[in-house]
Structures are given as structure tokens and as C-alpha cells.
Peer 1: 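This is the structure, below, for whatever I ask next.
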There are 2 protein chains.
Amino acid sequence: MNIKKASELTGVKPENIRYYERVGLIPPVIRNENGVRNFSDIDIGWIKFSKHMRDAGVGTEALIDYISLFQKGDASNIQSRKEILQGQLDELEERIETMVHARDYLKLKVENYEDIMVPLEKKLQDGNCTVFEEKKEELEWPKR
Amino acid sequence: MNIKKASELTGVKPENIRYYERVGLIPPVIRNENGVRNFSDIDIGWIKFSKHMRDAGVGTEALIDYISLFQKGDASNIQSRKEILQGQLDELEERIETMVHARDYLKLKVENYEDIMVPLEKKLQDGNCTVFEEKKEELEWPKR
DNA sequence: TCTTGCGTTAAAGTGCACTTTAAGGTTTAT
DNA sequence: ATAAACCTTAAAGTGCACTTTAACGCAAGA
């Protein structure tokens, strides 16, 4: 299939599929006699994998290392490949924790916005805008 | 307190605290007669808030809008401010979902790496490196 | 007094991950 | 046969969020 089809199947723009291949985020795609890429289902799988990982915030470097090791097609680096994935998994867990923490904080803040702000409207109208900041401190950061 | 102390308390480098103030990620900090910033606990709170949100991937634009509305110190925009936070909360939820999905996929892949790779070592050693890719397809993407 | 260590600014530089541009080649439909 | 609609590349441009640089000011200690 051509790059347009591959793009439709994966949600990655043709320009970015070429970019992915160029930098090594996917293995090289087989070309026809005119140098036109002919994507296989396996290529589509690789594009989906890289897009999925990128969407989740996994950096290109780790992904490129992984694809690169993979392409050596050598059983001796299975452990290295697994370690790369494990490392990214650990980083992902950490980022998720940070985000969940921020989410909980924002949630608490939004849910209590009216309760805190409405009683303060009068004071704010007097130009005393520091009051909220003092009040805000009552909204403690969610504990670990 | 001076910027160094503020930096120590918040984990944000002095350069970045200045940057935060410059772009509006925190409200302006009161200066002394020489133009030197004197950080209050409230300023520290704002830095922590912005850092926390930035760490969680909240974009600067939304944050700047929020701080900007906040500084108007006007009760009429409480709703707008709440809406900004709600919008960021929604985006955060979505990003968390994407990441949790990727995390689950990676976890499954890492956990099954040996099971899949070890039986394939022989074939891989024969240079048949496409086998894994076929095999890989068995590792389905976790469903929503 | 003068060096050390803190502060300040505007402006330029960096790194990442695309994204666009320019200049072509080929294949398909009218 | 010629225009539209694909494909290709290398290289330059973009946007975000810092990060560094250069040049300066103030204030306390040897």
C-alpha cells in the first residue's frame, strides 16, 4: 500500500511517516523500482507502535534505540531491548503519577472554586486580591 | 526572601523563576528600591503551582491566561477562571488515559518478552527476523 | 578598595519534534 | 497529451519552553 493509505490507517501524516523512517522511529520500508514505499501490515504495526509511544510521551531517542536494536535481528540483544522497554515503562509510571497528582489537585480546586470564591467576591471587589491567595493555601496539595 | 531562596524552596532555577514572571506564569513579584525581587510565601505558592502544572504537561498558554485573569482581581471572571481550570483538567484526564493505555501495552509486552523471544531465538539466529513481527501481532493492544 | 557573590536585563541560543518548502519524478483520468 | 494527483528528497522553517550569554549594579567581607 502507498503512504497515503498508511497514513489513513495509522493517523500519522505522510510527512511524518517519512520523518519516522528517516530518523529511525520505524524500520526502513521496502520500495518499488521507482523508490516509492510499499507499506506492509508489519510496517503499519511499527508506525502504530511508535505513534502510540510518542503520544504517551516516550522520547524518540529510546524508541530509536529500540528499533535500531530490533533491526539487528539478533537474539543477543533481547535483554537490551527488554531493558529499554522496561526503562520507558518506569518513566511512564512516574509521569502518570505526576499527572494524577496534578489532576487530583486541579479537581479539588475546581470542585471547591465556588465555595471559596463566592464568599470572597465582596472582598475582591474592594481590590483585596491577596485574600484568595491566603484562602487558597487551605486547598492543600493532595498527599502522596 | 531572595530569588535563590525561592529557587531552593520551589525547585525552579532562578533563571526560570525570572522567565516565569516575564511571561506571566506567576504574577509580578514585589521589588525593593534596587529592583531586586522580594518573594513572599504567596509568590512561592504561585511558583509551586505553575511548576506543578507544567510538570504535569499543562501548557503555558492556559496557565498564563489563568494567572492573567486572576490578576485582574475581579469577581466577574471567576467563572472564566474556573472554566480554564476545568478545561485543563479535562485535557489532563485525556492525557492520563493515553499514557495508562501505553503503559498497559508496554507492561504486557515486557512481561511477555521472554516467553515470546526465547522460543524464537533459534529462528532469529537463522536471520529470520520477520518471525518476531508476525509473533508480535499476537500481543494485542489492550482494549479501551 | 576590591574581589566575591548576590542581584538585574535584553537578547540570542538550544533541543526537541515535527512541519513546510522547493524542486522534482511517476501514474492515472479526461 | 496534459493536468491532476500521487510519489520522492534535502534542507530550511516553526513552535514551545526553556537556557545561556553578555553586560551591568549593589553590598558585604578580607
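Lettering of chains follows the sequences in order, A, B, ..., and the numbering in each one begins at 1.
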Peer 1: Without decimals, in angstroms, what is the distance between Met53(B) CE and dC16(D) P?
Peer 2: 20 Å

Peer 1: What I'd like to find out is whether the side chain of Leu106(B) reaches to under 4.5 Å of the side chain of Met53(A), using heavy atoms alone.
Peer 2: yes

Peer 1: Find the distance Lys4(A):NZ to dT26(C):C1' and express it as a whole number of Å.
Peer 2: 16 Å

Peer 1: Please check if any side-chain donor atom of Ser40(A) sits under 3.5 Å from a side-chain acceptor atom of Asp43(A), or the reverse.
Peer 2: yes

Peer 1: Tell me which nucleotide among dT26(C), dT20(C), dC18(D) gets nearest to the side chain of Asn34(A).
Peer 2: dT26(C)

Peer 1: Assess whether side-chain contact (heavy atoms from CB on, under 4.5 Å) is satisfied between Thr10(A) and Ile44(A), documenting all intermediate values.
Peer 2: CA-CA 7 Å; Thr10(A) 59; Ile44(A) 300 302; 3.8 Å; yes

Peer 1: On DNA chain C, does the nearest nucleotide to Asn2(B) precede the nearest nucleotide to Arg22(B) from the 5' side, or the other way round? Give the residue.
Peer 2: Asn2(B)

Peer 1: For Glu15(B) and dC6(C), what is the distance between atoms CD and P respectively, to the nearest whole Å?
Peer 2: 12 Å

Peer 1: Check this one for me: any side-chain N or O of Arg37(A) less than 4.0 Å away from OP1 or OP2 of dT8(D)?
Peer 2: yes

Peer 1: For the pair made of OH in Tyr19(B) and P in dT8(C), what is the distance, rounded to whole Å?
Peer 2: 18 Å

Peer 1: Is there a side-chain contact between Lys13(B) and the phosphate of dT19(D), meaning an N or O under 4.0 Å from OP1 or OP2?
Peer 2: yes

Peer 1: Grab the CZ-C1' distance between Arg18(B) and dG7(C) for me, whole Å please.
Peer 2: 7 Å

Peer 1: In whole Å, what is the span from the CD atom of Glu61(A) to the C1' atom of dC16(C)?
Peer 2: 11 Å

Peer 1: Let me spell it out: for each of Val58(A) and Pro14(B), pick the nucleotide of DNA chain C with the closest heavy atom. Which residue's pick is nearer the 5' end?
Peer 2: Pro14(B)

Peer 1: Think Asn16(B) has a side-chain N or O under 4.0 angstrom from the OP1 or OP2 of dA17(D)?
Peer 2: no

Peer 1: Taking Val29(A)'s backbone N and O only, do any of them form a donor-acceptor pair with Glu21(A)'s side chain (distance below 3.5 Å, no angle check)?
Peer 2: yes

Peer 1: When we call it a touch if two heavy atoms are under 4.0 Å apart, what does Arg54(A) touch: a base, just sugar-phosphate, or nothing?
Peer 2: sugar-phosphate

Peer 1: Using a cut-off of 6.0 Å, state whether more than 12 heavy atoms not belonging to Glu61(A) lie near its atom CD.
Peer 2: no

Peer 1: From the options dT19(D), dC6(C), dC18(C), select the nucleotide whose nearest atom is closest to the side chain of Tyr20(A).
Peer 2: dC18(C)

Peer 1: Is there a side-chain polar atom (N or O) of Arg31(B) under 4.0 Å from OP1 or OP2 of dT9(C)?
Peer 2: yes

